[in-house]
Amino acid sequence: MTVNGWLQIAFYSIALLLVTKPLGLYMLKVYDGSLTWLRPVERVLYRLAGIDPEEDQHWTRYAASMLIFSLVSMLLTYAVLRLQHLLPLNPQGLAAVRDRQAFETSASFTTNTNWQSYSGETTMSYFSQMTQLAFHNFMSAAAGVAVAVAFVRGIVRRSAGRLGNFWADLVRGTLYLFLPLSALLALLFVQQGVIQNFAHYVTVTTVEGAKQVLAMGPVASQEAIKQLGTNGGGFFNANSAHPFENPTPWTNFWQMLAIFAVSAGLTYTYGRMAKNQKHGWALWAAMYVLFIGGVATAYWAEARGNPIHAARGVDVVASATNPGGNMEGKEVRFGIANSALYATMTTDASCGCVNSMHDSYTPVGGLVPLVNMQFGELVYGGVGAGLYGMLVMVILTVFIAGLMVGRTPEYLGKKIQAREVQMATLYVLVFAGAVLTLSAIAAVTSAGLAGRNNLGPHGLSEIVYAFTSTAANNGSAFAGLTGSTYFYNTLLGLNTLIGRFAMQVPMLALAGFLAEKKIVPESAGTFPVTTPLFVVLLISVILIVSALTFLPALSLGPIVEHFLMQAGRLF
Amino acid sequence: MALTKRPLFDPPIVKQAVRDAFAKTVNLRHMVRNPVMFVVLVGSALTTLVLIRDIATGAGDVGFTLQIALWLWFTVVFANFAEAMAEGRGKAQAETLRKSRTQTTAKRLSNAHDRSSIEFVPGAMLRRGHVVLCTPGDMIPGDGEVIEGVASVDESAITGESAPVIRESGGDRSAVTGGTKVLSDFLVIRITANPGETFLDRMITLVEGAKRQKTPNEIALIILLSGLTIIFLFAVVTLQPFAIYSGGSVSIPILVSLLVCLIPTTIGGLLSAIGIAGMDRMIQHNVIAMSGRAVEAAGDVNTLLLDKTGTITLGNRQAVEFVPAPGVTRDYLADRAQLASLPDETPEGRSIVVLAKQFGLRGRPLSEGVRGHLELVAFSAATRMSGVNARGLELRKGAAEAIGHWLRQHGAETPPLLTTEVERIAKAGGTPLVVAERENGRARALGVIYLKDVVKGGMRERFGQLRAMGIRTVMITGDNQLTAAAIAAEAGVDDFLAEATPEDKMALIKREQGGGRLVAMTGDGTNDAPALAQADVAVAMNTGTQAAKEAGNLIDLDSNPTKLIEVVEIGKQLLITRGALTTFSIANDVAKYFAIIPAMFIATYPALQALNVMRLHSAQSAILASVIFNALIIIALIPLALRGVRYRPAAATSILRRNLLVYGVGGIIVPFIGIKAIDVLLVVLRMV
């Protein structure tokens, strides 16, 4: 680890802290409907869809609207991918996408996962990328924030289970938040050299005299929302390691900031909506501690490198001319600190874009992204999903430890009782059940084992990583696994749907139940949710709940691999 | 005391509890109600089947599997033992009560208005509406209402209070309880409850915990614990495929061991014991909870409504000062005040006599110092005065206005200086009592007696503690605003309701509840009943009317209104105990992972020995030690579950910090030490 590396991490942390409040205040206005400069556009959209944006929807209706919208848009994407050879903007003449691949991809993009078991440049036409994948990048992000905002309304309101209007939240989030911010970010990217064109692929002669085809496309526009909406689906297979997607340290910085910006801002929005800004900052702090802990671990592991390399005489010590450590799978222009930072962040935030290959990390370095996702994507987390994921953990924390102050548990004045606990438990259960069951199936079936790139514990890590990433709607890959098979396309596609909707519906139910409750005023006897003690407690609950669930499986994957590597064995 | 305090492990209770624990274990219908322990039961059965198979085929390590199976069964039995212990204590209390329900012979009156129309019938034959006569020495045969007569009744069988109480027809003292004894005079009682439905019967049922319903918070906690159990089921069941992938499968007893160690068996096993013990602790304080829900709600209370009289102040006002009028000596005033109060049997009157004694006026015969026969003038609502008349002397004491009126009638005036004094006393929250005399036709005011509400010692500190706990106290009084404000300030309550009518009280409760607060109150009169029914925690005094007792959800056998504060503390203690043991139980898992995971895969991946931070002897000793620790911790925590964790009133933040340190951090550390110790012991004893 170098001072320079830590300075860059500190620089990033300060930038994140600085964007939280302004963006949070802006989002508060977006979602309370007080921004009106695009009202005419809104009105046209509502009229076209026949929607009354003023209707205060009961949670069941809110959930139904969200599900119907997602289902219809997913089916549409499936159709377009299957028919892309008949559609325009296909200069390379790419063929129709195969059935399972189209299912998985449409599910994956609808759920904000963007798991890609295909190479964008050889599979997707510009039309598919722009009208479908980019569309989902916006919509799945806006839908995620909408559910989070609805969830918060459930906590702060007393409204007989009504949570606001899904359609209005979706439209406002898209028009006022994601579109303008993406436009701004895309311009920044273009300025730094990210490409934006509809050109044919270019064939060039390399320095060595070899012929190489350079893929082209409207990259910058897609890149912006890929980060802002924590989508993560790269235009190219190499994702943000590709020099056309992420050419410079500056684009790298903007990308990283964009990944956390909305989710960090939402903690501030939440503080405002709950009229408890200190609590909003307490959540921010808990997220930051988990984030920086992950960064430190990954950075330490990668900078330390592989003892086997060192034993063979490779110089793993950082110097002015040598990055040291483990540079396998990392881009030279980013180095170890920015790669570890990016890997931690992209898995904290359910983004899943990568600027280095996680498969090539040391076992402990690779364990960090895996564990991040297993926390449930709540370290800032996916846009919207991060906030409500964290709030579920807060509710569990309050429920478990709240009794210890001598009152039945209450959170911001709302009593946490059987129905709420049921939904919060279901949320945790669905995730653990999906990841563990599907990984276990893959670990003992020939179809599952066929996809591995490595044997032994590393192969198990690849399998567990794939199912964790899809259930967590992250979409990053451990890159070793060949996912474009019938088996994986089907199971992983299903897993993204489970990880999104089987968790969002209990969330909305929980919010609806909370919105039915009266608010108990705060007193000296109330469980404190703003103190450092609370932050420590919340972090402990998150660590213990996820560690207890996944540690047995992890001990046979990255953990044992780490000890074996120390003993000189590789896989 | 009717309900006795017992040692925690009373030998007869323990003996019975051991028997019950085994009976519960084989009762599947009972087991399935507790999902966590049911999973342990299934795991134990599964391990036993493997054991039988191993014995039959001669495969496997029979000695090891046998020990695992035994300790798994012990885990279930220990949890049931905890519950049986808690129930046993309740049952023992109930037995004491049941003894007082001896069969009585009742004197039933065939004509309610004719006390000679007696027929002797067994108490069990009485039905609602029957009328009985009770004379001194009679046991009252059932719950009822006095319709004629006044008598002193010994209610010690129910309340443990040895001083007899007065029961009379009409008003708030008309309710009598079966099993109590008439000491003097006679009572004609209309029976209000059929046999088996009496207060005593209901109390026995409650104390036994036979009809105990799970409380809302318990239900929610069980859902969470079940959820965690399912998650661990996923984690352990999927571990087998992962193990097979890694090239070595794990035996069923070991998988079951891991599962049982991970699922929250500690809190799962102790949960119902904690609930029963909470109600039991109420009983130790002579409070009967009509439901566990009421105990839980007590912990949640935000606002306490406290009646001034008897709760905040001593029952009655006391004379604390004589303020003589100009031209009158203090001694003379004291002398006259004492004389005027001699026939006054009210506590106020007596306190005047007591105060006068401090001026050297010893008790004297009524006739001393006055000529002729002393005639008493009783207090009446019309004159609002009382006093004495002797030959040539009239003494009066009463409210300032009433005396002023009397003086004017006799051609005199209240001196202005005295009026100032009267106002001063009233403003300070006291009651000014003016004393006047008319001797030989000449009337004059002698001075003022300062009657003061005396706030009970220690109440200020009590209210301070409640405030720190976030509980608001509201004093309810019939006094006027001025007096109420002064007493409220002196006692240190947060708010007061003056000139309170039952309607005002009801409105206050509704207003508090409308703001999301939970309200607790005490009451004894029939006019308290609606408010009691509305309040979230309603402590009815046992001396109160039937209507009040029906409306309350807690009944205080000592009829001590101050006990409301203790009720709240017991409620909080129950909730804290539940939370502390849940936290402890979950925190325990960390150490168990470090014991079991390396042990499970020692054959497949010896490198995982790096995780064996406790340096446990072998795979078998590690797994066995974890299972044994997991079982023994239930037994070790039974006293804590029954007694409740230590509770001192404080703000939530400091309570949380302390409990987290003890049960959270402690919960992580203790098993590391415990498992290691058991491991060493197993090796020493050559059990592995």
Side-chain angles (χ1 to χ4, degrees), chain A residues 396 399-409 413 416-418 420-422 424-426 428-429 432-433 436-437 439-441 443-444 449 456-457 459-460 518-528 531 533 537 540 544 547-553 555-557 559-560 563-564 566-567, chain B residues 216-217 219-220 223-224 227 230-232 234-236 238-239 241-246 258 262 296 299-300 302 467-472 515-518 571-573 575-576 578-580 582-583 586-587 589-590 593 597 601 605 607-608 610-611 647 651-653 655-657 659-660 663-664:
Chain A
L396 286 179
F399 185 78
I400 294 170
L403 281 170
M404 278 194 289
V405 304
R407 297 176 61 85
T408 57
I416 308 297
Q417 288 164 314
E420 292 76 38
V421 172
Q422 208 166 9
T425 309
L426 193 60
V428 180
L429 196 58
L436 289 172
T437 312
S439 303
I441 292 172
V444 287
L449 294 171
L460 187 63
K518 56 183 177 187
I519 299 168
V520 184
E522 200 184 327
S523 74
T526 309
F527 183 83
T531 57
L533 184 67
L537 190 59
S540 313
I544 287 186
L548 294 182
T549 313
F550 295 107
L551 197 68
S555 64
L556 292 178
I559 294 177
V560 73
F563 291 121
L564 290 173
Q566 301 302 316
Chain B
N217 177 257
I219 293 170
I223 290 172
L224 177 76
I230 299 172
I231 290 176
F232 289 127
F234 273 126
V236 172
T238 56
L239 193 55
F242 295 142
I244 292 169
Y245 171 98
S246 308
L258 176 64
L262 294 184
E296 207 171 274
D300 271 349
N302 304 83
R467 200 164 15 254
M469 287 151 66
I471 296 173
R472 227 163 65 87
R517 296 182 186 86
L518 257 62
K572 286 197 178 295
Q573 195 190 25
L575 294 174
I576 293 177
R578 205 180 276 160
T582 306
T583 308
I586 295 172
D589 282 3
V590 177
Y593 264 132
I597 296 280
F601 299 112
Y605 291 126
L608 277 177
L611 289 180
Y647 173 71
T653 316
I655 297 180
L656 180 66
R657 190 177 306 124
N659 287 328
L660 267 182
Y663 300 100

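Keep in mind that the numbers below use all heavy atoms, side chains included, and drop hydrogens, waters and symmetry copies. Every chain is numbered from 1 and lettered A, B, ... according to where its sequence line falls, protein lines coming before strand lines.
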Which atoms of [X] approach chain B - backbone, side chain, both or neither, heavy atom under 4.5 Å:
X: A/A567; value: neither
X: A/V405; value: both
X: A/F399; value: side chain
X: A/T437; value: both
X: A/S439; value: both
X: A/I441; value: neither
X: A/L426; value: neither
X: A/I544; value: side chain

At a heavy-atom separation under 4.5 Å, does [X] approach chain A through its side chain, its backbone, both, or neither?
X: B/T653; result: both
X: B/A580; result: both
X: B/I244; result: side chain
X: B/R472; result: neither
X: B/Y593; result: side chain

- prompt: Atom CG in A/L537, atom CG in B/L656: separation rounded to 0.5 Å?
  reply: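 A/L537 atom CG to B/L656 atom CG measures 6.5 Å (nearest 0.5 Å).
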
- request: Please determine, among A/A547, A/P409, A/G456, the option with the most heavy-atom pairs under 4.5 Å with chain B.
  value: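 Of the options given, most contacts go to A/G456.
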
- prompt: Which of the residues A/S523, A/A443, A/G557 is involved in the greatest number of heavy-atom pairs with chain B at under 4.5 angstrom?
  reply: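 Top count of heavy-atom pairs under 4.5 Å with chain B: A/A443.
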
- prompt: Within the side chain of B/Y245, is there an N or O that forms a donor-acceptor pair under 3.5 Å with the backbone of A/L460?
  reply: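 Between the backbone of A/L460 and the side chain of B/Y245 there is a qualifying donor-acceptor contact (under 3.5 Å).
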
Could you check whether any side-chain heavy atom of [X] comes within less than 4.5 Å of a side-chain heavy atom of [Y], counting everything from C-beta outward?
X: A/L436; Y: B/I231; answer: no
X: B/F234; Y: A/T549; answer: no
X: A/V520; Y: B/L518; answer: no

field: B/N217, B/N302, B/I576 screened by side chain to side chain contact (heavy atoms under 4.5 Å, CB included) with A/R407, the one that passes
entry: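 Only one of B/N217, B/N302, B/I576 forms a side chain to side chain contact (heavy atoms under 4.5 Å, CB included) with A/R407, namely B/N302.
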
- prompt: Considering residues at least two apart in sequence or located in another chain, which fulfil the side-chain hydrogen bond (donor to acceptor under 3.5 Å, both in side chains) criterion with B/D300?
  reply: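 Expected list: A/T408, A/K415.
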
